[in-house]
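Working notes for the structure below.
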Amino acid sequence: MAFFAVDPALYRRYKDQILELSNSFQRDRNEHLPPGQRRPGLSDREIAEQLGLEERVVTEIRCVAERDRYGLDEWERAIEFKRKACRDYVETKILRFLKPSDQ
Amino acid sequence: MATETAALTARVKEAALKRGALVCGVAPAAAFDPLAPDGQRPGDLLPGARSVVIVGGAPPRAGDWISPVAEHLESMGTTQRIEPVGRAVAVFIEEELGYYALHVPGGVGRGDRAFLSLMLAAELAGLGSRSLAGPVLHPRYGMLYYAAVVTTLPLDPDRPLETPVCPAPSCVEMWEREGTTPCLAVCPASRGGCLDGRLENGRFVRTAYKRDLCGTRVYTNWIGSFQKVLEAALDEPDRDRRKMLLYGSLFTRTLWSITYAGQSQAQCFECIRVCPVGAEYRTKK
């Protein structure tokens with residue numbers, strides 16, 4: 001293969017660990033949390049050092065895993081979510097959030 | 001020297017506002033080092049970087065926010081209006097002041113990651129603070145789009161806000177009353193959404209954000225949907241079913257979105273739509 005692609009077996013072995021260590025799911029990352037409580041995700045280089053992998057391998061696994069994590073059905077749910085949230089907002093919440101003087 | 005730096009800073013900010021920025025701030029390049037990942041620091045992009053100028057603006061208009069057509073706001077949320085302001089500031093610094101100035105591209109660099117965190121830049125420049133929902137919120141305007149210029153020009157830096165913008169007083173009241181906030185209520189992780197968090201004494205003490213899930217909502221019709229539909233089509237042995245996938249509405253709108261804007265489109269605003277920060281600015285007659 002002419003371009004760099006990760007071995008699928010290697011991908012399957014490490015994808016969950018790499019996503020867990022990365023910024024994929026951010027818990028208590030916010031800067032305004034107390035310093036000891038902040039948990040920023042690791043960079044690809046830091047993940048590579050922790051797992052004993054090459055940085056390029058971690059980067060590729062993370063990229064693929066981030067896309068692979070949710071199936072196409074999640075995109076359909078996204079469409080429905082936005083249509084419903086937008087409709088609910090316009091129908092019921094404009095007065096609450098956009099015109100406080102009218103409450 | 002200090003007076004000269006202050007005068008230069010004022011000139012740069014004036015130039016930014018004249019070129020269309022709603023707000024402009026300066027962060028010291030070195031301030032990124034302990035916070036930004038290796039490879040995403042100003043000095044990684046421009047050797048000798050001293051300052052980062054951040055311009056913000058180009059939010060969706062008030063009318064966009066109250067349209068009942070979700071796809072309308074999806075289409076209006078784009079960085080392509082603030083990007084030229086960033087580039088114009090870089091041109092001003094190089095042509096008028098004679099220092100190197102690198103306009104940070106709005107797209108992604110290595111590994112599908114930003115060249116520089118514009119949210120961190122905005123926060124360090126005192127233009128806003130991060131919210132429970134994720135985006136940096138400006139105290140008056142709420143969510144803005146940002147562009148950044150890394151420069152060797154020494155400038156007087158601004159300071160991060162001392163008091164975070166989020167949670168807003170009305171959100172603290174809602175938390176005490178209902179145990180949630182507008183953004184957490186509209187997209188709760190516990191019900192398939194992206195956000196979670198907890199407030200104590202008027203500040204958030206826990207936050208959680210499902211970045212990849214948010215990606216399916218923020219980029220519903222973008223690179224991800226293109227790849228997913230293409231993968232499904234390649235896996236589909238039935239010719240007629242392949243046609244349904246490739247000619248269907250998701251793939252078609254995805255192609256429209258990708259070709260409509262050369263820059264990133266943010267296609268989900270539901271957590272920000274209900275946010276009280278900036279609501280006054282978004283309220284019209």
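Below, each value reflects all heavy atoms present in this structure, side chains not excepted, and no hydrogens, waters or symmetry copies. If you're wondering where the values come from, they're calculated on a predicted model, not measured in any experiment. Every chain is numbered from 1 and lettered A, B, ... according to where its sequence line falls, protein lines coming before strand lines.
Contact count versus chain A (heavy atoms, under 4.5 Å) is highest, among B/Gly192, B/Ala70, B/Gly39, B/Ala189, for B/Ala70. By number of non-hydrogen pairs under 4.5 angstrom with chain A, the leading residue of B/Lys210, B/Glu231, B/Arg110 is B/Lys210. Annotation: maximal heavy-atom pairing with chain B below 4.5 Å, among A/Tyr70, A/Phe81, A/Trp75, occurs at A/Trp75. Contact tally against chain A (heavy-atom pairs below 4.5 Å) for B/Arg217, B/Gln227, B/Gln267, B/Gln40: the top residue is B/Arg217.
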>> Evaluate A/Ile79 against B/Leu250 for side-chain contact (heavy atoms from CB on, under 4.5 Å), listing each step before the verdict.
In response: CA-CA 9 Å; A/Ile79 294 169; B/Leu250 176 61; 4.0 Å; yes
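The contact between B/Val69 and chain A is made entirely by backbone atoms, counting heavy-atom distances below 4.5 Å. Only the side chain of A/Leu19 comes within less than 4.5 Å of a heavy atom of chain B; its backbone N, CA, C and O stay farther away. B/Leu73 does not touch chain A: none of its heavy atoms, backbone or side chain, sits under 4.5 Å away. At a 4.5 Å heavy-atom cutoff, B/Ser170 makes no contact with chain A through either its backbone or its side chain.
With 3.5 Å as the limit, one finds no donor-acceptor pair spanning the side chains of B/Asp38 and A/Ser43.
Residue A/Glu54 qualifies as open at atom CD: its count of foreign heavy atoms under 6.0 Å is 12 or below.
Of all heavy-atom pairs spanning B/Glu270 and A/Cys86, the tightest one is OE1-N, 3.6 Å. Residues A/Cys63 and B/Asp112 share a closest heavy-atom pair of SG-CB, 3.8 Å. Smallest separation of non-hydrogen atoms from B/Gly111 and A/Arg62: O-NH2, 2.8 Å. When all heavy atoms of A/Val90 and B/Pro68 are compared, the closest pair comes out as CG2-CA, 3.8 Å. Residues A/Tyr89 and B/Trp65 share a closest heavy-atom pair of CE2-O, 3.8 Å.
Note: A/Asn23 CG to B/Arg113 CZ = 6.0 Å, rounded to the nearest 0.5 Å. The structure places CD of A/Glu76 at 10.0 Å from OG1 of B/Thr220, a figure rounded to the nearest 0.5 Å. Between the CG atom of A/Asp73 and the NZ atom of B/Lys228 there is a distance of 9.0 Å, given to the nearest 0.5 Å.
Between A/Lys82 and B/Glu74 there is a salt bridge, since at least one side-chain N of the basic residue sits less than 4.0 Å from a carboxylate O of the acidic one. Salt bridge A/Arg83/B/Glu71: present, at least one basic N to carboxylate O contact under 4.0 Å.
A/Phe25 does not carry B/Arg211 over the face of its six-membered ring by the limits of under 6.0 Å from the centre and within 45° of the normal.
Checking A/Glu66, A/Arg67, A/Glu74 one by one against B/Asp212, the side chain to side chain contact (heavy atoms under 4.5 Å, CB included) holds for a single residue, A/Glu66.
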